[in-house]
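Since the structure comes first, as structure tokens, the remarks are kept for the end.
Quick note: numbers below take in every heavy atom, side chains included, and nothing from hydrogens, waters or symmetry partners. Everything numeric in this text was worked out from a predicted model, so none of it was measured. Throughout, numbering of the chain's residues begins at 1 and tracks the sequence.
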Amino acid sequence: RRAMGTASSCVLVAFASFLSTTQAFTSAPLYARRSIPNLAASGSLLGVASAGPRRRVMGLRMQGGDSTEWLTSYKPPKEQELDWDNRPPVADLPEDTRVLYEDTGIIVDGEWATKEQLQETVKEWLPGGWEDSAWPLGSVDIGHIEGGDRLVDERLGGDPSAYPMGPPQVVTYGEALIDQIATDETVKLGDKADKWAPYPGGAPVNVACALAKLGTPAAFVGSVGADADGDSILGALEACKLPTVCVQRDKERQTRNVYVTRDELGEREFAGFSGANDGFADCATDLERVDGTLLYSASWVVTGTLGLAFPSTREAMMSIRDICKDLDILRVTDVNYRPVFWDGNKNAREEILRYIGGTSILKATADEVEFLFGIDRDEAMERPYKVLKTMGPECMGVLITDGAAGVAYSFESHGGVMDSFAVPTVDSTGAGDAFTAGFIHRTIGLTGAFQDEFVDLGEDKQYPRAHLPVKQRVAEAFKDKELLADAVVFASAVGAATCMEEGAIDAQPSLKLSERMVEEYGDDLVVTEEGE
């Protein structure tokens, strides 16, 4: 999943460059399209974390003449004069290149591998040999077999029925719960059950459902109780055509119920739970049971920070953070700070800051920015770039929301402040989650074309190359301030539409409605570029 622009950034490109230079197998260069998991069985997320990024890159494709020739039908030449001694000394190689060559068997015990040793390396990579019958799908071609194929292709052990929208592009992780919404502004915690309306929710669930309604394949990873509330959440996922195989059922713990009061303007407040804070199923997701292939399919991972309040989920979230870094996945963190989850824990701020370090895109409210960074909420809304600088170089952008007051945003090249959509608010629960989903959906659509299509391997012509990593595509696209503003406007439309009905998921708009919102109300929005 790493950038494939140079030999030092991808094992396959390193191997391909070496083979091309030495003409060990053919004069036509080999090249890589995209890395896939080197796992006979996909393994768990923790298995992926321990595998090491260099060990996960397997797959070659060969270009010959005007057509593509597969390794399955290719026979290495038996008679070919090669100058095996005319290679640079191993000691003269850059360290990162030498390490990659050692990892792939091109260098053995500090010396260049012999032809026989290279052939043994290829046999390890292709245990079925060169026989067509050993490769019913053709060679392990990165352009045609990706992580997502292992989820949905029956010939690879996948189950297409489990992923109705196809392999997920976005994985969300965290809490799944029932929002018990007060029926009106007079209802308070402790009132009778008929004063509360139950709705499936939890920020990561809301984001996944909103993405699916907009047309972006997603998957939620988490845990619910083996109870009626858990059934309700699974039903909501199924209704959105999201996979449920990623959701664990806990027979020992019940699904969390969160009681949400609201004022006369529809703004909500989290009042409390139906039991002990750390005794719910969302505190017990087991990463060992999560299919690691999910993160080879997805390019985005979205989490909140509520799981950091509990030791078990805190450890899991830190593992996911590290996996995203290893696989170069774009990690979005929506702070979503709720004091009621932390039980007065004075370390909440430190734990959240430790987790959000290295996040690719940070989404937070103005109040959360003031809580975490000590930046006055009004200043954060006027100068969002100050928040971006505080996050450090690995963060490419920040999105700061402030309800009806609008949104401020800052990426490396551009930033701005935008009014909110003027809509009647019935229930604002999940509006921020819908905003996050809207931004991701629009960004995926806007950035898909920002990639170099060819790579120069020193031959007479260029050859197709890997798609640029998602982080690089987003960075390239958002150098255009109009594209960035477009993504924020669309996100705001999705969030605003969610406020117009009750229930975080039920109120989420379709793609058609979201686009209609932009058409009808977008021209009335005032977008001020940061610094103006």
Is a side-chain donor or acceptor of [X] paired with a backbone partner of [Y] at a separation under 3.5 angstrom?
X    : Y    : value
S510 : L513 : yes
T447 : T443 : yes
Q254 : A281 : no
S297 : T293 : no
S223 : T285 : no
S319 : E315 : yes
D250 : R253 : yes
T313 : A309 : no
R331 : S360 : no

> Would a line drawn from the ring center of F371 to the ring center of Y337 be shorter than 6.0 Å?
Replying inline: yes
For [X] and [Y], which heavy atoms make the closest approach, and how far apart are they?
X    : Y    : result
L237 : P243 : CD1-O, 4.4 Å
S428 : C499 : CA-SG, 4.0 Å
V489 : F421 : O-CE1, 3.6 Å
M317 : L308 : SD-N, 3.7 Å
V387 : A380 : CG2-CB, 4.1 Å
P384 : G416 : CG-O, 4.1 Å

Mind checking the [atom1]-[atom2] spacing from [X] to [Y]? Nearest 0.5 Å is all I need.
X    : Y    : atom1 : atom2 : value
I505 : I233 : CD1   : CD1   : 8.0 Å
T305 : I356 : OG1   : CD1   : 8.5 Å
F490 : F435 : CZ    : CZ    : 11.5 Å
F280 : R256 : CZ    : CZ    : 5.5 Å
L484 : L446 : CG    : CG    : 9.5 Å
L330 : S299 : CG    : OG    : 8.5 Å

> With under 30° as parallel and over 60° as perpendicular, where do the rings of F478 and F439 fit, or are they tilted in between?
Replying inline: tilted
For a 4.5 angstrom cut-off between non-hydrogen side-chain atoms, does [X] reach [Y]?
X    : Y    : result
V494 : P509 : yes
L362 : T359 : yes
L372 : R349 : yes
K363 : T333 : no
C395 : I361 : no

> Step by step, would you call W300 with T216 a side chain to side chain contact (heavy atoms under 4.5 Å, CB included)?
Replying inline: CA-CA 11 Å; W300 298 67; T216 296; over 6 Å; no
Between side-chain atoms of residues 163-178 and protein atoms elsewhere (two or more places apart, or another chain), which donor-acceptor pairs fall under 3.5 Å?
| residue | atom | partner | partner atom | Å |
| --- | --- | --- | --- | --- |
| T172 | OG1 | P204 | O | 2.9 |

>> Please determine whether side chain to side chain contact (heavy atoms under 4.5 Å, CB included) holds for the pair L242 and F220, giving the CA-CA distance in whole Å, both sets of side-chain angles, and the decisive distance to 0.1 Å.
In response: CA-CA 8 Å; L242 288 169; F220 164 73; 5.8 Å; no
> Should E476 and R473 count as an ion pair when the cut-off is N to O under 4.0 Å?
Replying inline: no
> With sequence neighbours excluded, what pairs up with E238 under the side chain to side chain contact (heavy atoms under 4.5 Å, CB included) test?
Replying inline: T244
> Considering the options V407, I400, T401, N336, which one meets the side-chain contact (heavy atoms from CB on, under 4.5 Å) requirement together with T365?
Replying inline: T401
>> Given K213, which partner from the list Q508, H441, K241 fulfils the side-chain contact (heavy atoms from CB on, under 4.5 Å) test?
In response: Q508
>> List the residues meeting salt bridge (Lys or Arg N to Asp or Glu O under 4.0 Å) with E520, not counting sequence neighbours, and say none if there are none.
In response: R516
> Just wondering, more than 12 heavy atoms not from E350 lying within 6.0 Å of its CD?
Replying inline: yes
Which pairs count as salt bridge (charged side-chain N to carboxylate O under 4.0 Å, His left out) when at least one residue sits in [range], sequence neighbours excluded?
range            : answer
residues 482-506 : R262-E502, R442-D486
residues 159-171 : none
residues 371-380 : D367-R377, R377-D402, E379-K386

Do the side-chain N and O atoms of [X] and [Y] include a donor-acceptor pair separated by under 3.5 angstrom?
X    : Y    : answer
T303 : Y355 : yes
T255 : D227 : yes
N257 : Q180 : yes

